[in-house]
K.L.:
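Structure in structure tokens, see below.
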Amino acid sequence: MIIQNLRALKLLKNKSIRMISSVFIILMLFCIVKMIIPCREYRFNAVDIPAGEEPGQTVIYEGISLPPGVYRLELEYSVDSDLQVLCSVADGTVFSGGLLTNGEPLYQGLGSTEYHFWLFEKTDGLQVQITNNGAGDLITGNLKISETHLLWSMLLVILIFIAIISYTAIAFYFYDKNYSVSVEKKKIFFFVTLIGLVASIPYLCGYSVSGADLVYHLYRIEGIKDGMLSGQIPVRIDPEWLYGHGYADAIFYCSSLLYFPAVLRLLGFTVTASYNFYCVILNFATAWISFYCFYRIFGKWWNGVICCALYTLSVYKIYKLLITSALGEGSALTFIPLVILGLYKIFAENEEEAGNRGAWIPIMLGFAGLIQTHVLTCEITALSMILFCAANIRKVFRKKNLLELLKGAMSAIAVSMWFLVPFLDYYLTQDMHIKHVSARTIQDRGLYPAHLAFHFWSVGKNTPMGDNGMQYSHPVGIGLVLVVGLIFFLILWFSGRLQGKNNDAGKRTFAKKTAIISLIFLIMSLNIFPWDKIQGMNSVFAALVSSLQFPNRFLGWGTICLVFMFGYCLQFLSDFGKQKWLLIFIIVAIAGITTSDLYLLDYTNAKQTTYTLYNEEGMGIGYTSGGEYRPEKTDTEKITFAGPVLGDGVKLDAYEKRYLHISMQCSNLGTTDSYIEVPLLFYKGYAAEEKNTGEKMELCAGTNQVVRVLIPSGFKGELDIKFVPPFYWRIGELVSFTTTILLITLWFRQRRSRNV
């Protein structure tokens, strides 16, 4: 209906809009033309290093003249140590922020380095500096600086983004002028957008707040980008991680949403800009999804807006996404409101009402989002489902309700098969380190009760509390406002005043059960909960408890349940005409959110450490956090850039490695079988064959779990080694693709039938 009304406006016939469109088209065509023009290259000869120079010497290629652009630097070199020599780009003549680069440390196992830098001003004074901080030898070779099209692809994306925003605003203006958008809808748009904007302020400062997991998730973005460059769709093994040995992070930690910032990286944006833009989009998505869910539950726009603010700006969400940079868990929190909406529609609404039909859809969307962002949060959500089903056991086995639950669960699994099949394949058939961390205990990482009412942000970095109590602990909890809402609800309940109309009985019963479940989650987050005893019961519980890492993860569901409780209290006060108490509650919510977030902004801008990183070379590519996704017995501290290792009798005539693909000409001159070890971690899926004959070569794990290719005696030929996903992984991808298309088709048909 809206699209038909927009067509009726005939916006493209408006003279002003046609002029704006012409400007956009001209600018976009200019960017496209610049992307077609061949790129220039600038070559510089090697710089001689005087003999006997002391450590700390700096070799400089200077006086380089370049126009604005994004450039790829390539330097040949030779060093005899790792991380002691830094290659960087500097220019003191351009404006602040006119040159973006972190440089890159040099490695003994490589003969050249390659990375991008961003130059936004014409210069004649660019320098490439190679600084030796060690005592070893350094030999520099030729330098090549290549222009890329990335500056213009970035500008094209920015223009498209501005055009979308502009045309949306113009269309809304004319639509409102001709059809008069209701004041209620305008208020909804303003307040929900404002909430998303407030949550996004820390990501609009030109840097990234340094949470404990920040660099790890930046690696994940870079890994998806490198995986796509290597030809993997979808990405399974991050090819550049672990010094080019590859890391199976994408198999165990689904990165569906991270393809968006990875594509921004491919289009030329820095990793910091891509990460921040993703977090901004995520905050707006959280705001709109949570508003939609609570608006559908309570039926009043102002209640939906308040619940949206309480959830989007909640202490726990900000703690996870911003303070600790737990991007996976922070992304998962976006989808939890959908699950509680589905549960509400099944267990609180009359199953004969039209509103109950389609309850499986938010459950499917919620669980699919959780599976593909954070498996641990999905497991906690599954526990939540069990608790809600147990609390509503009579309603579970009613045919319509059971069907809705099964449809939601099965659809989520089907949509996620492209990830679940490889994940389960590796977890069940491979000896991965993640299966050997059951000794890690978590009870001492639990919270003190006072944490739950945490409101004002403070400087603290300790996660395990130990014997220090709350001193210097992380700012984590559910927030004072939600505690007030829970207490008020319990007072109403136990004082016998929690009564309502007959048609509200389902919602009231659901609210009571939600209150109990929220208390269970809050208790499970505390250090008094007997996690250590549960972990010691058997090996299954040991693995499950250890994998949680932090009991505070239960505060995600604790928060969403308490936001529901707060919204229910608002509705109760409104329905029974308690306008004075309703006003007090709304003031408490606004004051609590405002003061907490003012302290947050002060904390992040004045106290929190920040990073400004541009690409993976500036971060290093050896960090794996806990290393859970490496083959067991791999010593990651011994991994660095390296070439092939030859067994007895093996001769190597040519060797080339690009991402996870290795080509080499070799022969075994010995009388017995031998081997070649290549710098790739031995994961299931690698295959080796003779390029000309197609002969398959046997592979096994070699020294420190790298790929070892067995070379028969008398062999001579060209070997091709690459990662080949098993065929049943492709079947899982086909199931996900087909299910997604069917669900989208079903949705469009339902929308069309409603408009007829």
Side-chain angles (χ1 to χ4, degrees), residues 254 256-257 282 285-298 304 307-308 310-312 314 316-317 320 328-349 355-392 395-396 401-416 419-420 478 482 506-507 510-511 513-518 520-521 524 553-568 743:
C254 190
S256 294
L257 300 186
L282 192 67
T286 304
W288 280 104
I289 289 174
S290 60
F291 166 78
Y292 169 80
C293 294
F294 288 112
Y295 177 60
R296 289 295 302 273
I297 290 173
F298 298 116
C307 290
C308 164
L310 288 171
Y311 186 73
T312 306
S314 64
Y316 184 73
K317 178 186 171 296
K320 280 296 179 181
E329 192 171 356
S331 301
L333 293 174
T334 302
F335 299 95
I336 290 180
L338 290 166
V339 179
I340 202 167
L341 171 62
L343 292 173
Y344 172 82
K345 290 173 71 66
I346 291 174
F347 295 131
E349 291 184 349
N356 196 5
R357 291 182 300 185
W360 66 274
I361 296 177
I363 290 178
M364 180 271 296
L365 293 174
F367 264 101
L370 289 166
I371 292 171
Q372 298 183 49
T373 52
H374 198 247
V375 172
L376 286 177
T377 303
C378 184
E379 292 175 359
I380 293 173
T381 302
L383 173 62
S384 305
M385 289 280 288
I386 293 173
L387 293 176
F388 274 101
C389 289
N392 298 274
K395 293 186 176 182
V396 169
N401 292 340
L402 185 60
L403 184 61
E404 293 291 309
L405 288 169
L406 291 175
K407 283 165 59 179
M410 298 305 295
S411 299
I413 292 173
V415 168
S416 306
F419 163 69
L420 291 174
I478 55 173
L482 297 183
K507 183 178 295 185
F510 186 81
K513 295 173 180 178
T514 301
I516 295 173
I517 292 172
S518 68
I520 293 174
F521 285 130
M524 292 175 74
R553 294 190 192 278
F554 290 96
L555 293 184
W557 263 93
T559 297
I560 194 69
C561 289
L562 291 180
V563 170
F564 173 86
M565 303 305 306
F566 199 97
Y568 181 83
L743 291 174

K.L.:
If every non-hydrogen atom of Glu329 is compared with every non-hydrogen atom of Tyr316, which pair is closest and at what distance?
P.N.:
OE2-OH, 2.5 Å
K.L.:
How would you list, by chain and number, every residue that makes a side chain to side chain donor-acceptor pair (under 3.5 Å) with Tyr295, sequence neighbours excluded?
P.N.:
none
K.L.:
With under 30° as parallel and over 60° as perpendicular, where do the rings of Phe510 and Tyr344 fit, or are they tilted in between?
P.N.:
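Ring orientation of Phe510 relative to Tyr344: perpendicular.
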K.L.:
May I ask you to check whether Tyr568 and Phe294 place their ring centres under 6.0 Å from each other?
P.N.:
no
K.L.:
So do Val375 and Phe419 actually touch side chain to side chain, heavy atoms under 4.5 Å?
P.N.:
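Yes - at least one pair of side-chain heavy atoms lies under 4.5 Å apart.
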K.L.:
Between CD1 of Ile478 and CD1 of Ile560, what distance do you get to the nearest 0.5 Å?
P.N.:
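It is 12.5 Å, given to the nearest 0.5 Å.
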K.L.:
Kindly state each residue pair satisfying side chain to side chain donor-acceptor pair (under 3.5 Å) with at least one member in residues 375-384, sequence neighbours excluded.
P.N.:
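Matches after skipping sequence neighbours: His374-Thr377, Thr381-Trp557.
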K.L.:
Taking all atoms of both residues into account, what is the closest heavy-atom pair of Gly369 and Thr373, and its distance?
P.N.:
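For Gly369 versus Thr373, the nearest heavy atoms are O-OG1, 2.6 Å.
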K.L.:
Go through the structure and list residues passing side chain to side chain contact (heavy atoms under 4.5 Å, CB included) with Ser518, not counting sequence neighbours.
P.N.:
Leu486, Cys561, Leu562
K.L.:
Taking all non-hydrogen atoms of both residues into account, name the closest pair between Lys407 and Trp360 and its distance.
P.N.:
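Taking Lys407 first and Trp360 second, the nearest heavy atoms are NZ-NE1, 3.2 Å.
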K.L.:
Which is it for Arg553 and Phe521 under the side chain to side chain contact (heavy atoms under 4.5 Å, CB included) test, yes or no, and what are the steps along the way?
P.N.:
CA-CA 9 Å; Arg553 294 190 192 278; Phe521 285 130; over 6 Å; no
K.L.:
Before giving the answer on side chain to side chain contact (heavy atoms under 4.5 Å, CB included), spell out for Leu482 and Val563 the whole-Å C-alpha distance, their side-chain angles and the decisive distance to 0.1 Å.
P.N.:
CA-CA 7 Å; Leu482 297 183; Val563 170; 4.0 Å; yes
K.L.:
Quick one: do Met524 and Ile380 satisfy side chain to side chain contact (heavy atoms under 4.5 Å, CB included)? Show the steps, please.
P.N.:
CA-CA 11 Å; Met524 292 175 74; Ile380 293 173; over 6 Å; no
K.L.:
Among all residues two or more places apart in sequence or in another chain, which pass the side chain to side chain contact (heavy atoms under 4.5 Å, CB included) test with Leu406?
P.N.:
Leu402
K.L.:
I'd like to check Lys317 versus Thr559 (side-chain heavy atoms, cut-off strictly below 4.5 Å). Are they in contact?
P.N.:
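Heavy-atom side-chain distance check fails, nothing below 4.5 Å.
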K.L.:
Could you state the interatomic distance from CZ (Phe388) to CG (Leu405), rounded to the nearest 0.5 Å?
P.N.:
12.0 Å
K.L.:
Output all residues satisfying ring pair (Phe, Tyr, Trp, His ring centres under 6.0 Å) with Tyr311, sequence neighbours left out; order by chain, then residue number.
P.N.:
none
K.L.:
Just jot down the side chain to side chain contact (heavy atoms under 4.5 Å, CB included) partners of Cys378, sequence neighbours excluded, or say none.
P.N.:
Phe367, Leu370, Ile371
K.L.:
SG/Cys293 to NZ/Lys345 distance, rounded to the nearest 0.5 angstrom?
P.N.:
10.5 Å
K.L.:
If you measure from CE on Met410 to CD1 on Ile363, what distance do you get to the nearest 0.5 Å?
P.N.:
14.0 Å
K.L.:
Nearest 0.5 Å, please: how far is OG1 in Thr312 from CD1 in Ile289?
P.N.:
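Answer for the CD1-OG1 pair, Ile289 versus Thr312, is 9.5 Å.
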K.L.:
Would you please name every residue forming a side chain to side chain donor-acceptor pair (under 3.5 Å) with Ser256, sequence neighbours left out?
P.N.:
Gln372
K.L.:
Taking all non-hydrogen atoms of both residues, which atom of Ile346 and which atom of Ala359 are closest, and how far apart?
P.N.:
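Closest approach of Ile346 to Ala359, heavy atoms only: CG1-CB, 3.6 Å.
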K.L.:
I'd like a table of donor-acceptor pairs (distance under 3.5 Å, sequence neighbours excluded) in which one partner is a side-chain atom from residues 334-343, with atom names and distances.
P.N.:
unit_1: Thr334; atom_1: OG1; unit_2: Thr286; atom_2: OG1; d: 2.8
unit_1: Thr334; atom_1: OG1; unit_2: Ser331; atom_2: O; d: 3.2

K.L.:
What pair of heavy atoms forms the shortest contact from Met364 to Ser411, and how long is it?
P.N.:
CG-CB, 3.3 Å
K.L.:
Closest heavy-atom contact between Cys308 and Ala287?
P.N.:
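Nearest pair, atom of Cys308 first, then Ala287: SG-O, 3.2 Å.
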